[in-house]
2 protein chains.
Amino acid sequence: MPKLGMEPIRREALVTAAIAEIGAAGSLDVTVSAISKRAGMSSALAHHYFGNKDQIFLAAMRHILAGFAVEVHSRLSLANTPRDRLKALVEASFARSCFDPEVISAWLNFYVKAHSSPDAMRLLRVYQRRLRSNLIHALRPISRKPEELADAIAALIDGLYIRAALGAPISRDPAATILAFTAPHLEDDQ
Amino acid sequence: MPKLGMEPIRREALVTAAIAEIGAAGSLDVTVSAISKRAGMSSALAHHYFGNKDQIFLAAMRHILAGFAVEVHSRLSLANTPRDRLKALVEASFARSCFDPEVISAWLNFYVKAHSSPDAMRLLRVYQRRLRSNLIHALRPISRKPEELADAIAALIDGLYIRAALGAPISRDPAATILAFTAPHLEDDQ
DNA sequence: TTTTTTATTGACTCGTCAATCAATAAAAAC
DNA sequence: GTTTTTATTGATTGACGAGTCAATAAAAAA
């Protein structure tokens with residue numbers, strides 16, 4: 001059976017399975033066996049390709065981050081005004097692919113994981129810095145305090161995320177809500 | 001050594017130790033032994049009083065919720081106008097006792113735990129409902145859409161919490177920030 | 001065709017940890 | 001002073017799960 005070039009296929013399958021498994025369990029208390037089984041292989045193979053469980057989680061996180069980056073860039077490339085760029089960033093955070101319950105659950109767990117894993121924390125910082133600098137860049141022409149506004153918007157995004165993860169009441173259109181709260185804090189000129 | 005009436009003392013010590021241990025580890029992957037050791041007793045005794053590990057976690061959560069309720073009520077009792085009540089609620093969320101890193105870390109972990117433990121979820125709902133109804137009550141006289149505003153404020157609180165837990169950039173005065181974002185959405189008459 | 005490389009797994013090892021239990025001790029009740 | 005109740009722990013059990021390894025198989029390279 002050994003066909004060549006299985007590695008990327010196996011890795012992808014494991015990453016997908018890990019996200020699904022984390023989503024189903026609602027925690028990182030998921031066995032390598034369960035992930036491997038869902039991905040259609042033995043746990044030994046998972047260890048062969050990833051070394052250990054943490055590496056699987058990190059790969060899953062990178063996968064999710066990459067998906068988010070795609071959402072951001074595709075929207076950002078269509079935006080011409082600062083306002084549109086802001087809209088693009090907020091809406092990207094609530095795109096289907098990012099707002100998928102499985103993905104939200106993974107995020108929440110990685111938030112926690114970051115507290116005990118320097119690698120996870122590093123990855124999280126990458127996301128945070130990217131979002132922050134994108135927000136500030138979009139806000140600079142239309143806000144007197146772009147940094148503060150950016151941090152507040154980021155907090156609103158995170159908050160809506162966590163509430164979505166918990167099934168708490170949130171508006172049906174989170175992006176619009178965030179923009180509505182942001183609007184009064186923006187200048188009126190383009 | 002057996003002095004009578006040790007149970008409440010032991011329970012309290014275990015709850016405190018559990019919160020400290022969770023804060024130090026940054027996760028719920030904490031052994032009963034570690035908690036018991038910190039609390040100055042054997043793990044067998046912890047099991048004797050609490051039955052199992054989950055009960056210790058739940059008790060810790062109840063302890064934190066109770067602390068929050070104290071912060072809320074003490075501030076609410078001094079507030080006379082709707083605006084003051086809103087301020088009281090937001091400021092209570094960022095009171096020293098609630099904003100303690102250990103406590104924030106515990107909250108974050110319980111958020112996750114709630115996904116796999118109906119008991120934890122039930123407790124979380126209690127907090128969410130209380131905060132929501134308090135917010136709506138404060139907002140009703142000064143907002144046209146108290147429910148929506150309440151949900152947005154709750155999201156901001158949660159978001160700032162999570163960011164504080166992660167050491168992400170947040171304003172030095174979170175409560176003031178939230179009120180600043182809320183203000184434009186309020187009517188002007190008290 | 002032989003050898004090397006890649007893919008793959010079942011079985012096993014080794015720790016860890018929640019939960020139990022029997023045993024001890026001291027207060028309180030009788 | 002005997003008995004019961006409460007407090008307490010060391011030692012043990014039992015399960016589970018991460019990571020290893022030797023063995024197998026098939027493609028590719030020689």
Side-chain angles (χ1 to χ4, degrees), chain A residues 1-61 109-110 112-113 116-120, chain B residues 1-22 24-61 106 109-110 112-113 116-120:
Chain A
M1 296 169 182
K3 288 170 190 167
L4 269 272
M6 289 304 287
E7 180 157 354
I9 297 168
R10 295 305 199 183
R11 290 185 100 98
E12 160 104 28
L14 282 166
V15 161
T16 309
I19 294 170
E21 206 66 28
I22 292 167
S27 86
L28 296 184
D29 286 339
V30 167
T31 66
V32 175
S33 298
I35 295 173
S36 313
K37 190 174 183 182
R38 188 187 283 257
M41 72 195 80
S42 73
S43 71
L45 195 55
H47 278 103
H48 174 65
Y49 283 127
F50 278 100
N52 60 34
K53 192 157 84 160
D54 271 14
Q55 294 304 315
I56 302 179
F57 287 155
L58 283 173
M61 206 170 172
N109 279 284
F110 284 127
V112 172
K113 177 85 180 171
S116 56
S117 157
D119 284 336
Chain B
M1 296 170 184
K3 289 169 189 169
L4 268 270
M6 289 305 286
E7 178 156 355
I9 296 167
R10 295 305 199 182
R11 291 185 98 100
E12 162 104 26
L14 283 166
V15 161
T16 309
I19 294 170
E21 208 66 27
I22 291 167
S27 86
L28 295 184
D29 286 339
V30 167
T31 65
V32 175
S33 297
I35 296 171
S36 313
K37 191 174 182 182
R38 187 186 284 256
M41 71 196 81
S42 73
S43 71
L45 194 55
H47 278 102
H48 174 65
Y49 283 126
F50 278 101
N52 61 33
K53 189 156 86 159
D54 271 13
Q55 294 304 313
I56 301 180
F57 288 154
L58 284 173
M61 206 171 172
N109 278 284
F110 283 126
V112 171
K113 178 85 180 171
S116 55
S117 156
D119 284 336

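Just so you know, these numbers use all the heavy atoms, side chains as well, and skip hydrogens, waters and symmetry mates.
For the pair K53(A) NZ and dT20(D) P, the computed distance is 14 Å after rounding to whole Å. At whole-Å resolution of the value, CG in L28(A) and P in dG17(D) are 15 Å apart. If you measure from atom CG of D29(B) to atom P of dT16(C), you get 14 Å, rounded to the nearest angstrom. Taking atom CE of M6(B) as the reference point, atom C1' of dT8(D) lies 10 Å away to the nearest angstrom. One atom, CG of L4(A), and another, P of dT5(C), lie 13 Å apart when rounded to the nearest Å. Rounded to a whole Å, the CZ atom of F57(B) is 8 Å from the P atom of dA18(C). Separating the NZ atom of K37(B) from the P atom of dC17(C) is a distance of 12 Å, rounded to the nearest angstrom. Atoms NE2 (H48(A)) and P (dG10(C)) sit 16 Å apart, rounded to a whole Å.
A residue-by-residue look at L45(B) and N52(A) shows that L45(B) has its nearest nucleotide of DNA chain D further toward the 5' end.
Note that OG of S36(B) and CZ of F50(B) are 10.0 Å apart. Values are rounded to the nearest 0.5 Å. Taking CG of L58(B) as the start and OG of S117(B) as the end, the distance is 5.5 Å to the nearest 0.5 Å. A distance of 9.5 Å separates OG in S27(A) from CG in L28(B), rounded to the nearest 0.5 Å.
Contact detail for L14(B) and I56(B): the closest heavy-atom pair is O-CG2, 4.5 Å. Contact detail for A17(A) and R38(A): the closest heavy-atom pair is O-CD, 3.7 Å. The two residues H47(A) and N52(A) make their nearest non-hydrogen contact at CD2-CA, 4.2 Å.
Of the candidate nucleotides dG10(C), dA19(C), dA18(D), dA19(C) has the atom lying nearest to any side-chain atom of H47(B).
If you check every strand for non-hydrogen atoms under 4.0 Å, S42(A) touches a base.
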Step by step, work out the side chain to side chain contact (heavy atoms under 4.5 Å, CB included) result for D54(B) and K113(B).
CA-CA 10 Å; D54(B) 271 13; K113(B) 178 85 180 171; 3.0 Å; yes
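Of all the residues in residues 7-20 of chain A, not one reaches under 4.0 Å from DNA chain D with any non-hydrogen atom.
Look at Y49(A) and you'll find a side-chain N or O under 4.0 angstrom from OP1 or OP2 of dT8(C).
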